[in-house]
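Scroll down for the structure; my scribbles are underneath it.
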Amino acid sequence: MGKAIHITGVVQGVGFRPFVYNLARQHGLVGWVRNTSAGVDIRAEGTPEALQAFVAALTTEAPPLARIDSLTAQDTATEVYPAFEIQASAALEGAFQPISADIAICNNCLRELRDPADRRYRYPFINCTHCGPRFTLIKDIPYDRPLTTMADFPLCPDCAAEYHDPADRRFHAQPVACAACGPEVWLEQDGAPIHGDDALHRTVVLLQQGAIVAVKGLGGFHLACDATNPVAVAELRRRKGRAAKPFALMMADLDMIRQHCTVSEAEAKLLKSPASPIVLLNRRRGDTRIAPEVAPGQATLGVMLPYTPLHVLLLDEGVPPLVMTSGNLSEEPIVTDNAAARERLAGLADAFLMHNRDIHIRTDDSVMRAFEGGELPLRRSRGYAPYPVRLPFDLPPILAVGGELKNTFCLTRENYAFMSHHIGDMDNYETLRSFESGITHFERLFRITPEIIVYDLHPDYRATRYAQERAAAGIPAVVVQHHHAHIAAVMAEHGLTGERPVIGVCFDGTGYGTDGTIWGGEFLVADYAGFERPAYLKPVRLPGGDAATRKPARIGLSYLLASGVPPEDDLPPLVALSEKERHTVTIQSERGLNAPLTSSVGRLFDAVSALLDICQVATYEGQAAIELEAAVAPDEPGAYPFTMDGGQVDSAPAIQGVVVDWRAGVSPAVIAARFHNSVAAMIRDVCLELEARYGLHEVALSGGVFQNVTLLGKTLPLLREAGFTVYTHRLVPPNDGGLALGQAVIAGVRAASGK
Ligand code: ZN
Ligand code: ZN
Ligand code: FE
């Protein structure tokens with residue numbers, strides 16, 4: 001008998017046809033496989049048992065870069081084929097194909113890299129159809145070498161033979177190369193550049209001597225230094241102008257990581273996954289070898305494994321754990337090209353490990369946390385973008401421009417939402433340019449001409465201004481409230497159709513509310529079309545506006561005043577503030593002068609962090625809350641009350657409780673734990689009230705506050721015990737990096753309903 005099989009998803013340029021070819025031969029089948037504009041078609045003939053096993057293995061054994069979205073298999077009349085073969089592709093003109101993300105070096109390439117007998121022994125750009133660069137070097141589709149940054153490297157006869165052999169692992173692997181025909185590395189310091197292996201050896205020596213080396217990687221340059229050398233790490237902080245924000249680390253293997261961090265099974269799986277992200281791991285208590293300057297005030301370290309052959313070669317030489325932070329100044333985008341690196345990283349790096357494979361699109365390392373055995377994305381970029389998020393319905397072509405911080409954008413086509421790589425904070429010219437060129441690139445790559453453009457309600461977001469300019473050129477525009485977008489994002493990634501609203505708990509830093517105040521502690525009853533706001537945290541004054549986020553001490557004082565606690569001199573925020581600052585904050589808070597109201601839970605965490613003297617001055621977004629989470633004592637059951645009055649949830653009793661405990665000498669760790677417990681219980685209590693009122697049993701959690709896995713870990717059991725079904729983020733970040741997904745879906749649903 002025979003089968004006609006059709007497969008869609010990321011199935012081209014990922015070694016799918018050679019995989020099918022070999023699988024069919026293993027099962028003794030005849031027939032053919034070919035790419036079509038809509039995916040991959042297979043015709044297979046053989047015994048029913050063999051066919052059944054073959055069809056099952058197509059998904060279970062698919063190559064690592066493939067993402068199968070659908071597989072249909074229909075019985076056909078028996079035909080006679082001489083063998084199983086790969087047929088020529090149908091033309092792909094104008095067609096649209098999802099594109100693979102960049103993938104960490106595979107085990108086969110790793111073995112060859114370390115095998116002195118292999119012709120690619122120690123070749124820093126070894127790759128195959130199962131691994132290597134994709135997204136970062138593709139200029140246009142169809143995905144063919146001339147349309148990638150490998151166009152300048154003609155294949156040598158040996159590489160060409162592999163490239164054209166259907167049975168070879170490198171069949172149609174566009175970035176395939178070897179030392180004879182491909183890119184090369186060199187080290188630039190003073191004097192003449194050093195090439196090849198010597199460049200790698202010399203880099204290792206420099207790192208061991210405490211130097212800072214700019215290393216060109218997959219999606220941009222890193223700045224590398226010895227993470228066990230406090231002087232080198234402090235110098236890197238000084239040069240980068242980065243006071244306390246933690247640096248990411250790269251370590252040779254899991255064994256080395258386990259010397260410094262605890263690694264669960266889920267975390268090990270994430271570390272070793274083809275995406276190879278930075279994973280936030282709990283630091284081992286008492287580990288003193290990693291310099292404290294790497295991650296001040298943190299209970300975690302962000303660690304990744306070497307994911308390119310170049311990284312493997314460096315780490316194989318027995319170097320200590322390396323700091324591997326983005327090659328940029330402060331919050332500018334990561335540097336990608338050699339000339340820009342020489343110019344912009346000149347004051348940052350002592351030497352440059354360069355190569356001549358161009359990076360077409362910059363991609364930062366992704367950052368993940370493990371939660372409940374799965375992943376919680378904090379930054380979704382390298383290894384994930386541009387894999388689409390699949391939606392439960394088709395949407396028209398929409399461009400959603402995202403938010404101001406941690407920006408990503410989203411383009412939709414059919415039931416795919418293409419979330420961009422991490423763009424960053426839109427407060428500098430370079431990032432804005434990267435945002436604009438990123439949108440142009442995605443529109444061309446996925447053949448999308450937006451028919452709707454959607455942006456945040458905040459009038460001052462730079463992304464909003466970009467959207468308004470394009471809207472002025474004739475694209476219909478849709479405006480979406482920030483926290484509605486967050487909730488829609490988590491609904492969409494779970495495939496909820498939106499026929500029934502959910503209780504959306506959006507705890508966030510800042511977002512523009514429909515009443516012109518700053519929201520961020522919202523209980524919404526929301527579907528895609530709209531939302532109500534039946535409950536929210538009672539607004540508190542934010543003295544000095546957004547600038548206050550850099551001074552948690554000021555926020556602490558404002559919350560004391562709002563909670564009716566006399567601001568006496570013994571309390572840490574008052575100690576931290578000068579006489580003049582205290583006076584200013586008090587006047588601002590009392591009179592509402594340059595002190596907007598906010599319901600933000602992010603600010604509530606800032607206030608408690610200041611009250612416990614954990615963080616009075618923040619040098620990066622979320623620092624006070626992150627350090628508060630790091631302080632939490634495990635197993636502490638106590639909690640403080642919140643009260644609720646007419647939909648306003650009042651944090652005053654909780655603030656009072658914190659102060660009473662602090663004055664009684666209870667440790668900050670215990671108070672931090674009790675505060676987390678209080679917020680979790682408050683979420684449950686408010687959700688129960690809303691359940692009684694609206695008859696809804698599903699809760700969706702989103703917003704930057706839910707990057708806090710300690711809070712998630714306390715909240716989810718309470719909600720589940722109370723009978724709720726809970727949705728949390730798995731595919732896009734709960735922070736503003738996931739915003740664009742929600743914006744797109746809301747705009748699409750509104751357009752469909754004619755609103
Ligand atoms: Zn490989
Ligand atoms: Zn070659
Ligand atoms: Fe937000």
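One is the number of the first residue; the rest follow in order along the sequence. Indexing begins at 1, ligand by ligand and atom by atom, following the structure's order.
- With the Zn ion (ligand 2) as the vertex, SG (Cys156) and SG (Cys159) define an angle of 110°, rounded to 10°.
- Counting heavy-atom neighbours within 6.0 Å of Arg462 CZ, excluding the residue itself, gives a total above 12.
- Distances from the Fe ion (ligand 3) to each N, O or S atom of Asp736 single out OD1 as the nearest.
- Here Cys128 meets the criterion, with an N, O or S atom under 2.8 Å of the Zn ion (ligand 1).
- Side-chain N or O atoms of Ser600 include none that pairs as donor or acceptor with a backbone N or O of Gly520 at under 3.5 Å.
- Checked against a 6.0 Å centroid threshold, the rings of Tyr466 and Phe435 count as neighbours.
- Relative to the six-membered ring of Tyr536, Arg533 meets both conditions, a distance below 6.0 Å and an angle of at most 45° to the axis.
- The angle that Cys106 SG and Cys131 SG make at the Zn ion (ligand 1), rounded to 10°, works out to 110°.
- In this structure, the ring of His483 has its center no less than 6.0 angstrom from the ring center of Phe531.
- Restricting His486 to its N/O/S atoms, the shortest distance to the Fe ion (ligand 3) is reached by NE2.
- Residue Cys506: no N/O/S atom is found under 2.8 Å from the Fe ion (ligand 3).
- The name of the N, O or S atom in Asp508 nearest to the Fe ion (ligand 3) is OD2.
- Note that Arg67 lies in the cation-pi zone of Tyr387, set by a 6.0 Å cut-off to the ring centre and a 45° limit from the axis.
- Angle subtended at the Zn ion (ligand 2) by Cys178 SG and Cys181 SG: 120°, rounded to 10 degrees.
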